[in-house]
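Have a look at the structure below, then the notes.
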2 protein chains.
Amino acid sequence: MADHVDLILEQWGEQRPDLDASPMAVLGRLKRLAQVADNQLRANFARHGLDSASFDVLATLRRSNSEHRLTPAGLMRSSMVTSGAITQRLDRLEARGLVTRTPSETDGRGVQVTLTAKGLRLIDGVLPGHLQTEETLLAALSKAERKQLADTLRTLLESLGDRTD
Amino acid sequence: MADHVDLILEQWGEQRPDLDASPMAVLGRLKRLAQVADNQLRANFARHGLDSASFDVLATLRRSNSEHRLTPAGLMRSSMVTSGAITQRLDRLEARGLVTRTPSETDGRGVQVTLTAKGLRLIDGVLPGHLQTEETLLAALSKAERKQLADTLRTLLESLGDRTD
DNA sequence: ATTGGATCGCTCAGCGCTAAGGGACTGGAC
DNA sequence: GTCCAGTCCCTTAGCGCTGAGCGATCCAAT
């Protein structure tokens with residue numbers, strides 16, 4: 001009936017009854033759930049010799065287009081990390097032969113990052129287990145509940161400027 | 001009508017139509033929202049010379065009991081980081097005079113961490129702005145929607161073993 | 001009374017990220 | 001054609017965390 005966040009809310013009610021801590025009921029759970037989910041998913045990545053950062057890059061390339069090719073700037077936009085982080089992620093992936101970097105033919109500053117055959121095999125091998133883990137994480141919710149939850153979260157994201165259209 | 005995650009789902013549908021990527025509609029948004037919220041909240045912490053890690057410790061001490069006192073193990077349990085991280089966080093806070101470490105009187109291994117007067121003033125000064133920022137983050141949702149969202153998230157957390165009762 | 005597994009907090013090497021900044025190149029304004 | 005603000009990717013110092021492991025202490029079983 002009560003999770004960790006309920007305890008936190010109760011404590012605030014005792015120590016600072018003057019404050020309205022109610023937003024924590026949502027945001028505290030959001031943060032905690034994201035953390036728990038991350039831990040579970042990381043275990044699956046590790047089974048394939050990956051970490052979350054590498055998976056993030058490989059999966060983004062995999063889904064982006066049929067050539068599995070993107071610029072570092074594109075990867076940066078989709079990942080919410082800095083350009084320095086992308087450079088270092090690509091260094092590691094390139095050293096393992098999972099992606100290649102080739103100069104752009106149309107922009108002297110640009111680089112094209114492409115999934116290699118080896119990288120493609122790897123990410124395609126990880127995906128089924130990844131989705132299975134995600135499915136398990138959501139097992140407590142019905143299809144209808146998931147849809148409603150997704151819709152509410154989208155409303156929030158849009159209100160915070162995460163639009164695409 | 002569409003956020004970043006809708007685009008991702010569409011891409012998976014094109015590149016891997018055989019996979020059921022629907023769990024990402026929930027988990028992708030959850031991760032992204034947690035990240036956006038963290039960024040916003042961090043800005044408020046910075047205005048008071050704090051980072052998320054320090055706020056986490058100070059707030060936990062502030063709400064825990066009237067003495068604002070806890071063991072490092074207790075802080076570790078509430079924060080989901082390793083014991084090494086707690087030691088280092090306490091080092092930083094102690095150096096700034098925001099907490100004190102005193103040997104436990106009942107357990108030769110133990111330490112009691114207590115908020116100083118200075119630490120108490122600081123955290124109480126940060127809290128109103130923190131809650132205001134959280135309120136703003138949720139502005140797009142009605143009271144009823146927030147409650148329903150919190151309930152759904154609690155269901156998930158409980159199903160993943162985050163119970164307290 | 002002794003023993004041995006569990007728990008306490010701490011240490012430290014390694015790692016990935018941020019923040020700041022640099023050189024190269026682009027493309028619109030003039 | 002020239003300029004120059006903007007964008008591209010990369011570099012690097014510094015930082016906080018993890019993961020492994022430490023000695024000290026506790027406590028239940030014998």
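Every chain is numbered from 1, with letters handed out A, B, ... down the list of sequences.
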### Query
Can a salt bridge be assigned to the pair B:D91 and B:R101 using a cut-off of 4.0 Å between side-chain N and carboxylate O?
yes
### Query
Starting at CZ of B:R89 and ending at P of C:dC10, how long is that distance when rounded to a whole Å?
14 Å
### Query
Got A:P72 and A:L90 here, is their nearest side-chain heavy-atom distance under 4.5 Å?
yes
Where do N or O atoms of nucleotides 18-21 of chain C meet protein N or O atoms at under 3.5 Å, pair by pair?
unit_1, atom_1, unit_2, atom_2, d
C:dT18, OP2, A:T82, N, 3.0
C:dT18, OP2, A:T82, OG1, 2.7
C:dT18, O4, A:Q88, NE2, 3.4

What side-chain donor-acceptor pairs closer than 3.5 Å can you find for residues 17-29 of chain A, not counting sequence neighbours?
unit_1, atom_1, unit_2, atom_2, d
A:D18, OD1, A:R16, NE, 3.0
A:D18, OD2, A:R16, NH2, 2.9
A:D20, OD1, A:S22, N, 3.0
A:D20, OD1, A:S22, OG, 2.8
A:D20, OD2, A:S22, OG, 3.3
A:R29, NE, A:D3, OD2, 2.7
A:R29, NH1, A:A25, O, 2.8
A:R29, NH2, A:D3, OD1, 3.0
A:R29, NH2, A:D6, OD1, 2.9
A:R29, NH2, A:D6, OD2, 3.4

### Summary
B:M76 atom CE is separated from C:dC10 atom P, nearest whole Å, by 12 Å
#### Entry: Contact list for residues 69-113 of chain A, test ring-ring contact (aromatic ring centres under 6.0 Å, His included), sequence neighbours left out
none
### Query
Does any N or O in the side chain of B:T152 come within less than 3.5 Å of the main-chain N or O of B:Q148, such that one atom is a donor and the other an acceptor?
yes
### Task
Could you list all the side chain to side chain donor-acceptor pair (under 3.5 Å) pairs where at least one residue sits in residues 112-122 of chain A, not counting sequence neighbours?
A:R69-A:T114
### Message
Pair A:H4, B:S78 - check side-chain contact (heavy atoms from CB on, under 4.5 Å), show working.
### Response
CA-CA 8 Å; A:H4 188 83; B:S78 103; 4.2 Å; yes
### Task
Check the pair A:L50 / A:V126 against side-chain contact (heavy atoms from CB on, under 4.5 Å), numbers first and verdict last.
CA-CA 9 Å; A:L50 284 179; A:V126 178; 3.9 Å; yes
### Task
Look at the rings of B:F55 and B:H130 and say which category their plane angle falls in: under 30° parallel, 30 to 60° tilted, over 60° perpendicular.
tilted
Set out, line by line, the N/O atom pairs under 3.5 Å between protein and nucleotides 3-7 of chain C.
unit_1, atom_1, unit_2, atom_2, d
C:dT7, O2, B:R109, NH1, 2.7

Could you list the donor-acceptor pairs under 3.5 angstrom formed between side-chain atoms of residues 35-44 of chain B and any protein atom two or more places apart in sequence or on another chain?
unit_1, atom_1, unit_2, atom_2, d
B:N39, OD1, B:R42, NH2, 2.7
B:N44, OD1, B:R47, NH2, 3.3

### Message
The criterion is salt bridge (Lys or Arg N to Asp or Glu O under 4.0 Å); which residues satisfy it with A:R109, sequence neighbours excluded?
### Response
A:D107
### Query
Which comes earlier along DNA chain C counting from the 5' end, the contact point of A:D107 or that of B:V111, where each point is its nearest nucleotide?
B:V111
### Global bending angle along the helix from C:dA1-D:dT30 to C:dC30-D:dG1, which compares the axes of five pairs at either end, to 10 degrees
20°
### Task
Taking only heavy atoms on the protein side, list every residue of residues 90-105 of chain A lying under 4.0 Å from any atom of DNA chain C, sorted numerically.
A:R92
### Task
Anything under 4.0 Å to a heavy atom of chain A counts; send over the first and last such nucleotide of DNA chain D, read 5' to 3'.
D:dG6 to D:dT12
### Query
Pick from B:V57, B:L115, B:L122: which one makes a side chain to side chain contact (heavy atoms under 4.5 Å, CB included) with B:R62?
B:L115
### Query
Hey, does the side chain of A:T60 reach the backbone of A:D56 with a donor-acceptor pair shorter than 3.5 angstrom?
yes
### Message
Could you work out, with salt bridge (Lys or Arg N to Asp or Glu O under 4.0 Å) as the rule, every residue matching B:R63, not counting sequence neighbours?
### Response
none
### Task
Output all residues satisfying salt bridge (Lys or Arg N to Asp or Glu O under 4.0 Å) with A:R77, sequence neighbours left out; order by chain, then residue number.
none
